[in-house]
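Only one structure is covered here, and it is reproduced in the block below.
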Amino acid sequence: MLAPPETSPIASLDCLRRTLDEPEPRSPDRDTLDPADWHAFRVQAHRMLDDILDYTEHIRERPVWQPIPQPVRDRFRDPLPQQPANLASIHDTFLRDILPYSVGNAHPGFMGWVHGGGTPVGMLAEMLAAGLNANLGGRDQIPVEVERQVVRWVRELFRFPDTASGLFVTGTSMANLIAVLVARTAAIGATVRRRGIARTGQRLVAYTSSAAHGSIAQAMDLAGLGSDALRIIPVNGQYQIGTQALEEAIARDKSAGLTPFFIAATAGTVDVGAIDDLTAVAGIAQREKVWFHVDGAYGALAMLAPDLAPRLAGIERADSLAFDFNKWGQVPYDAGFILVRDGALHHRAFASPAAYLRRETRGMAAGSPWPCDYGPDLSRGFRALKTWFTIKAYGAARLGAMISKTCVLAQYLKRCIENEPALELLAPVALNIVCFRYRSENPAENPDDVNRNIVADLQESGIAAPSSTTVNGRLAIRAAIVNHRTNQSDIDAFLEAAVRLGSARVHCCAKACQL
């Protein structure tokens, strides 16, 4: 049972009520949305918790993914319900029609995209956060202090100054947008928020590599700068941004009267997991007086792993850093984060005084500045709690060891591919992403089609779920090993299935050609 607060106002409130001659509060009735029978609700709630824990505990016994039957899809085309339904029956529908047909990233065989697997601890924390139903836009409340503590931990991890600011957001796509907007304010001044870009007379341009995530271009679009103002810099043989090409592009734009304002380096590129030379890019940004941003969507948390952290040298020099706790950090979705070196500038880029957001020195309106002063959202969920629980429950060292393990498994997969004549490695393995393909010697076959079908065959088999991408113009089978549950046996099962399905498809095609 919850303990009462150390100092309770209940007695004084009762006295005031009697003084004002007010009636005692009525007993709860059916006018609320709370359960009429709390005992029955608890029984059902415990069943629901047990069912989802059973699902997680026995996840290996399930397929990674399975196609959704049309009758199941059709059940989600019913009209708006007008009358209440029994909670147990709704839960049964969830078990039958929803739980079996998720994308499967909790499963150790999921290697398709960079999705974390989540944890039981994070799941319970999400439940507690939902129970509080806290809006972390602001106000003087402990949930905001929890988020501020995580901000301090992040500053410590990445060696940012105490004046740096941080904010939970939906994901790195939103974090990248916030970084562009803060950099825009740094380049033009806070008046751009009122006057707009056109009236400044400046033409801002930004830079990133051809391996960068599409959210960088989207951020330029949403910020009103236009994706055409983003210069795409070629990568080198290690799929890192070409620093000489970057310097040349900046020089050309300056000669043309344009204003370079933003460089986005990547820590863990989306296709192959490469890390840009962050020290070199930081040096260029410093010399050119350009904002240095790092998109570390998943790779930034390699800082937790002592054997991987040196590869991120230079990240501590970033003006802003975007990453997700819901990837390598295994926090349930969603839990993106933006860290900005100049907290005061970050505040100027977003703070919007309004009468209904008036700040005070006491009461619930104290505690300024509020999280809503650092981003576009006024209504914000308690994302920090599941992150706080995850870090507290597992500790930085254990999380770092888990991250290292996924990279060790990637190297194991790489060696297996190199030793398998039927397979071909397509890119260096920098972190935890492995790109390869099945060799197809039949000139009548399109190798891209063969490998595209192998990916779909693997997904439909339920054994493993890779994705596909394009590397040097060739379609690749892409395995992103992110899930903390994945082990060597999962890699073996994935590779065996890939070779077997590839062989079956090639031989089937060969027979068809002979006919």
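Positions are given from 1 along the sequence.
Side-chain contact check for Leu128 versus Phe382: every heavy-atom pair is 4.5 Å or farther apart. Considering only heavy atoms from C-beta on, Leu167 comes within 4.5 Å of Glu147 through its side chain. For the pair Arg505 and Ser440, the minimum side-chain heavy-atom distance is 4.5 Å or more. A heavy-atom distance below 4.5 Å is found between the side chains of Pro376 and Ile178. Considering only heavy atoms from C-beta on, Leu409 stays 4.5 Å or farther from Asp490 through its side chain. Side-chain contact between Val150 and Phe325 is present, with at least one heavy-atom pair separated by less than 4.5 Å. The shortest distance between side-chain heavy atoms of Ile477 and Leu426 does not fall below 4.5 Å. With a 4.5 Å cut-off on side-chain heavy atoms, Thr387 and Val146 do not count as touching.
Nearest heavy atom pair, residue Val272 against residue Ala427, reads CG1-CB, 3.6 Å. Closest of all the heavy-atom pairs between Ile197 and Gly224 is CD1-O, 3.8 Å. Thr208 approaches Ala264 most closely through the heavy-atom pair OG1-O, 2.8 Å. Contact record, Ala223 with Leu177: N-CD1, 4.2 Å, taken as the closest heavy-atom pair. For Pro100 against Gln66, the heavy-atom pair with the smallest separation is O-NE2, 3.1 Å. When all heavy atoms are compared, the tightest approach of Thr172 to Ala297 is OG1-CA, 3.4 Å.
The stretch residues 107-126 participates, sequence neighbours left out, in these salt bridge (Lys or Arg N to Asp or Glu O under 4.0 Å) pairs: Glu126-Lys386. Every pair passing salt bridge (Lys or Arg N to Asp or Glu O under 4.0 Å) that includes a residue from residues 463-475 is listed here, sequence neighbours excluded: Glu424-Arg474. Counting only residues at least two apart or on different chains, the salt bridge (Lys or Arg N to Asp or Glu O under 4.0 Å) pairs with a member in residues 64-81 are Arg75-Asp97. For the salt bridge (Lys or Arg N to Asp or Glu O under 4.0 Å) condition, the pairs that include at least one residue of residues 40-52, sequence neighbours left out, are Arg47-Asp51, Arg47-Asp92.
Side chain of Asn176 to main chain of Ile216: no donor-acceptor pair is present (N/O by atom type, distance under 3.5 Å, no hydrogens or angles). Listed for the Thr93 side chain is a donor-acceptor partner under 3.5 Å among the backbone atoms of Ser89. Judged by distance alone, with hydrogens and angles left aside, the side-chain atoms of Arg62 form no donor-acceptor pair with the main-chain N or O of Gly104 at under 3.5 Å. Here the side chain of Lys414 pairs no donor or acceptor atom with the backbone of Val434 at under 3.5 angstrom. Between the side chain of Asn483 and the backbone N or O of Asn105 there is at least one donor-acceptor pair closer than 3.5 Å. For Arg485 (side chain) and Pro108 (main-chain N/O), no donor-acceptor pair under 3.5 Å exists by modelled atom type. Looking at Lys327, its side chain never comes within 3.5 Å of a backbone N or O of Gly299 through a donor-acceptor pair. Looking only at distances, a side-chain donor or acceptor of Gln330 sits under 3.5 Å from a matching main-chain atom of Val482. Remark: the backbone N or O of Tyr438 is paired with a side-chain donor or acceptor of Asn451 at under 3.5 angstrom. Listed for the Gln459 side chain is no donor-acceptor partner under 3.5 Å among the backbone atoms of Trp65.
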- Please lay out, stage by stage, how Leu321 and Val154 fare under the test side-chain contact (heavy atoms from CB on, under 4.5 Å). CA-CA 10 Å; Leu321 168 64; Val154 170; 5.7 Å; no
- Query: Checking side-chain contact (heavy atoms from CB on, under 4.5 Å) for the pair Thr469/Cys435: CA distance, chi angles, key distance, verdict?
  - Reply: CA-CA 8 Å; Thr469 190; Cys435 293; 4.1 Å; yes
- Task: Decide side-chain contact (heavy atoms from CB on, under 4.5 Å) for Ile463 and Arg500; before the verdict, give the C-alpha distance in whole Å, the side-chain angles of both, and the deciding distance to 0.1 Å.
- Result: CA-CA 12 Å; Ile463 297 170; Arg500 174 170 47 82; 3.7 Å; yes
- Starting from the C-alpha separation in whole Å, work towards a yes-or-no answer on side-chain contact (heavy atoms from CB on, under 4.5 Å) for Leu99 and Ile52. CA-CA 9 Å; Leu99 183 143; Ile52 200 64; 4.0 Å; yes
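Under the 30°/60° scheme for interplanar angles, the aromatic rings of Phe110 and Trp113 are found to be tilted.
For the salt bridge (charged side-chain N to carboxylate O under 4.0 Å, His left out) test, residues two or more places apart in sequence or in another chain that qualify with Arg437 are Asp448. Partners of Arg358 by salt bridge (charged side-chain N to carboxylate O under 4.0 Å, His left out), not counting sequence neighbours, listed by chain and number: Glu360. Take Arg383 and apply the salt bridge (charged side-chain N to carboxylate O under 4.0 Å, His left out) test, not counting sequence neighbours, and it matches Asp334. Listed by chain and residue number, Phe323 satisfy the ring pair (Phe, Tyr, Trp, His ring centres under 6.0 Å) test with Phe158 (two or more places apart in sequence, or in another chain). In this structure Tyr333 satisfies the ring pair (Phe, Tyr, Trp, His ring centres under 6.0 Å) test together with His115, sequence neighbours excluded. The ring pair (Phe, Tyr, Trp, His ring centres under 6.0 Å) test applied to Tyr298 returns Trp328, not counting sequence neighbours. Arg452 meets the salt bridge (charged side-chain N to carboxylate O under 4.0 Å, His left out) test with Asp449; sequence neighbours excluded.
In the model, Thr269 has no side-chain atom that pairs as donor or acceptor with a side-chain atom of Asp271 under 3.5 Å. Donor-acceptor pairing under 3.5 Å is lacking for the side chains of Ser227 and Asp221. With 3.5 Å as the limit, one finds a donor-acceptor pair spanning the side chains of Ser352 and Arg193.
Separating the CZ atom in Phe168 from the CG atom in Leu136 is a distance of 10.0 Å, to the nearest 0.5 Å. Summarising the geometry, atom OG1 belonging to Thr390 is positioned 9.0 Å from atom CG belonging to Leu385; distances are rounded to the nearest 0.5 Å. Atom SG of Cys416 is separated from atom CD1 of Ile491 by 8.5 Å, given to the nearest 0.5 angstrom. The structure places OG of Ser467 at 11.0 Å from CG of Leu458, a figure rounded to the nearest 0.5 Å. How far CD1 of Ile403 is from CG of Asn432: 9.5 Å, rounded to the nearest 0.5 Å. In this structure, CD1 on Ile90 lies 10.0 Å from CD1 on Ile98, to the nearest 0.5 angstrom.
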Show every donor-acceptor pair shorter than 3.5 Å between a side-chain atom in residues 365-375 and any protein atom, with sequence neighbours excluded, or say none if there are none.
residue, atom, partner, partner atom, Å
Ser368, OG, Arg359, NH1, 3.1
Trp370, NE1, Ala366, O, 3.0
Asp373, OD1, Arg359, NH2, 2.9
Asp373, OD2, Arg359, NH1, 2.8
Asp373, OD2, Trp370, N, 2.8

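Looking at Arg148, His347, His346 one by one, the single match for side chain to side chain donor-acceptor pair (under 3.5 Å) with Ser165 turns out to be His346.
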